[in-house]
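Below is one structure; the comments refer to it alone.
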Amino acid sequence: MSVADYFDSLDYGPAPEADDNVRDWLKSHEAGFGHFIGGGFRPSRSGKTLVTHEPATGEKLAKIALGAAEDIDDAVAAAAKAQSSWEAAGGRQRARHIYALARMVQRHARLFAVLEALDNGKPIRETRDLDIPLVARHFYHHAGWAELQDSELADHQPLGVVGQIIPWNFPLLMLAWKVAPALALGNTVVLKPAESTPLTALLFAELAARAGLPAGVLNVVTGDGSTGSALVKHEGVQKIAFTGSTDVGRIIRAETAGSGKSLTLELGGKSPFIVFDDADMDGAIEGVVDAIWFNQGQVCCAGSRLLVHEGIHDRFIARLKERMDTLRVGHPLDKAIDMGAIIEKSQLDRIRTLVDKGVEEGAEAYTPDIGTPKKGFFYPPTLLTGVEPASTVATEEIFGPVMVAMSFRTPDEAVALANNSRYGLAASVWSENISLALDIAPQLKAGVVWVNATNLFDAAVGFGGYRESGYGREGGLEGAYEYLKPKAWAARKPRKPAPPLPVVEATDSFEPMSVDRTAKLYIGGKQTRPDGNYSLTIVSPKGKVIGEVGEGNRKDIRNAVAAARKAGGWATASTHLRAQILYYLGENLAARTDEFVGRLTVMTGVNKAQAQKEVETAIDRFFTYAAWADKFDGAVHSPPLRGVALAMNEPIGVAGVICPDEAPLLSFVSLVAPLMAMGNRVVAVPSERYGLIAADFYQVMETSDLPGGVLNIVTGHTMELTKTLADHDDVDIIWAFGDGEVSEVVEARSVGNMKRTFVDNGLATNWYDPKVAEGRNFLRQSVQVKNIWIPYGE
Ligand code: NAI
């Protein structure tokens, strides 16, 4: 090309970043990388290896060890050995180490950025300007939490050894998101990077050792899904933190069920990008570029569903196509490109298949005529228009540079379309009307909402999903708690098995407290007959029949869940109103103290003083949560941009609650009250043995102005009702307290809609001790944090 031609086309020439240092480092490991265990590298015990490839060329990049179960054993043993001294070193000491890691990343930023671009295929512009700076920021921020842990998080302790499994789309950034909080707060780690992109994790481990990180604190075992699975199943691991596909998230949930391991899952998404007709169009067009062509669209929170206000739809699409014509796809080390390579051939095939399917389903595909490199795995930026909301491409995560576009007429329709997804990771709202944007943001079922922006991340701001996008948060204080457990719970002991029920005497020998009618269920604010018309007999410890409760079945649970779903007004009711109603519940329970004391003594066999204490503590518990209802607030974060991020505590939705036998009134109140205080609607299954106590409670509810459907009670066989609740796809969270089997069933069966679970694993709670049985630890389980990013200015 002549100089005149250049001026004519004003095209960018290639601006390649040098890769000599990275190639030298790779050469020094030509024989193959080992696992990083106990502070040094060692080969896999199985002797097996994997080869990784450069996505931009398809050429071999490195040979890595394929971790076997024995390697995981070694790594967990090293982590366990290091954990107590790492914890005992104290937050301040750990902070020094985490700061050192942050500085180490900054010192070697170029090496990391080039290696990441080669290994993953993403543009060097992104690794250099986004991935690596965010990695350093994450370590700096969490060094701060380590520093403050002893004063600010003193009522919590680390979990122990944490297993972390990460994907290939942000290899080093995902390492940072997981490793920084875990280590800062006193845990030790076994990390399993993705099989296709392990190199920056290995470089990080090598440099961390040089930066003085004690041996065994961080271990990296490379390998594939089988390696990950061995880590998930290892008994020496107290928590699994996973980022990846929803399918693997489901497998991990099922595999850890009943193990007592804590679990956070950051899964897929199909995030909406909503453009209203008053949006700044240029800004929104650049937003789309960022939302779906950043990292070739291989981003869990990619804005992949474009929803455009009908009036501007055609104009917007035309402008977007023009902008697409100027995008450049090329070698990741070329500083002048916008998009690099797709991670591997299988992913490329998947994208092609899904786009073909979209066209088959009637969508129109647009790809600019910009060319892509012939070698390697590249896919051009693609826009599908005329997409039906129920079509495959509008519902499935494509995980590639493919935007699907739809239009909407009204803000309500925009919200309905946006929420029409099984996922709920992120959303982006574009409007110059702040009232409209701030009206829409809270209505979106997503863990992160960006107003007039997209793909903003910061260590101080939590990130994580609703619905099938997973649970748990990374970043922010909420993310820190995911690596801690309350000290008050650490001393809980396995629940003693309840003594067998006595043999029932003749049914005519009713205790004086008996009811002469079968108590019903309580659904939608009304006492209702159980669907099957069966009842369960409640027997006193002396073997006398003291009454009957309805025997609820699947249909009753379904009705109760439907009633709870319908009572959505409770979620948006003022916190003041919720507080008032919880006060009434406490007051009205107090007015019936004698009745409840009588029932408890006869039904459970406790003496009168003990029963009195149980009722009084239950009353106090209502008052406590009435007090909390308008005080468990979120936060306003100040990430490093001009603007704020509002961390809002939102109710989770419909909650199933399985109650234990001990202190049947108090445990019931202790579980339902925090959930209600935070705006959830509850379907409670009271203790099977002592179900009558709930029947007595109906009168309390009926006199307390509690809206119908907020608290539904279904008595019956605990295990049967638990299974139905756990299988129900319209239940958002289950709290299960009781024997360990209940916990296991709930966790194992929660995978249908990836509902959240909060279980006691058969460990008994002292419901009388407020430190153990009430307060923030329960409130935190009653909410999900939504972070709404609001940049200031133009
Ligand atoms: P994946 O979920 O299979 O892999 C993620 C990580 O989990 C890797 O380290 C892998 O080795 C490990 N793993 C796989 N099977 C496992 C098992 N049974 N037990 C424990 N660990 C296991 O994701 P993959 O195959 O790389 O990508 C497939 C799809 O997943 C993509 O097309 C995309 O839709 C989605 N994905 C979502 C990501 C996100 O950030 N949410 C990231 C990567 C992929």
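Numbering of ligands and ligand atoms starts at 1, following listing order.
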For residues 338-346, please give each side-chain donor-acceptor pair under 3.5 Å, one per line with the distance, not counting sequence neighbours.
from, atom 1, to, atom 2, distance (Å)
D338, OD1, R125, NH2, 3.1
D338, OD2, R328, N, 2.8
K345, NZ, D349, OD1, 3.3
K345, NZ, D349, OD2, 2.9

Handout entry: Contact partition for Q298 relative to ligand 1, non-hydrogen atoms under 4.0 Å
Key = neither
Handout entry: Nearest neighbour in protein (non-hydrogen) for atom 21 (N) of ligand 1
Key = G228 CA, 3.6 Å
Would [X] count as a polar contact of ligand 1, with the cut-off being nitrogen or oxygen pairs under 3.5 Å?
X    : value
V232 : no
E255 : no
E397 : yes

Please list, in number order, the atoms of ligand 1 under 4.0 Å from a heavy atom of [X].
X    : answer
I165 : 6 (C), 7 (O), 9 (O), 12 (C), 20 (C), 21 (N)
D224 : 11 (O)
P167 : 42 (C), 43 (C)
C300 : 39 (C), 40 (O), 41 (N)
S229 : 19 (N), 20 (C)
W168 : 24 (P), 26 (O), 27 (O)

Handout entry: Test applied, salt bridge (Lys or Arg N to Asp or Glu O under 4.0 Å); reference residue, E468; option that passes from K445, R756, R422, R253
Key = R422
Problem - Distance flag for atom 36 (N) of ligand 1, protein heavy atom under 4.0 Å - result: yes
Exercise for the section: Return yes when at least one protein heavy atom is under 4.0 Å from atom 25 (O) of ligand 1, and no when none is. Expected result: no
Practice task
Compute the minimum heavy-atom distance from F170 to ligand 1 and say whether it is under 4.0 Å.
Solution key: no
Exercise for the section: Please verify whether a non-hydrogen atom of P193 lies at under 4.0 Å from ligand 1. Expected result: yes
Handout entry: NZ/NE/NH1/NH2 to OD/OE distance under 4.0 Å, K122 and D131
Key = yes
Problem - Sidechain N-carboxylate O distance under 4.0 Å for K270, E396 - result: no
Handout entry: E474: partners by salt bridge (charged side-chain N to carboxylate O under 4.0 Å, His left out), with sequence neighbours left out
Key = K178
Practice task
Give a yes-or-no answer on whether the side chains of D71 and S44 include a donor-acceptor pair shorter than 3.5 Å.
Solution key: yes
Handout entry: Pair W789 + F463: ring centers closer than 6.0 Å
Key = no
Problem - E388, CD atom: more than 12 neighbouring heavy atoms under 6.0 Å - result: no
Practice task
For the pair L203 and L172, evaluate side-chain contact (heavy atoms from CB on, under 4.5 Å) and give the outcome as yes or no after the intermediate values.
Solution key: CA-CA 10 Å; L203 175 62; L172 191 66; over 6 Å; no
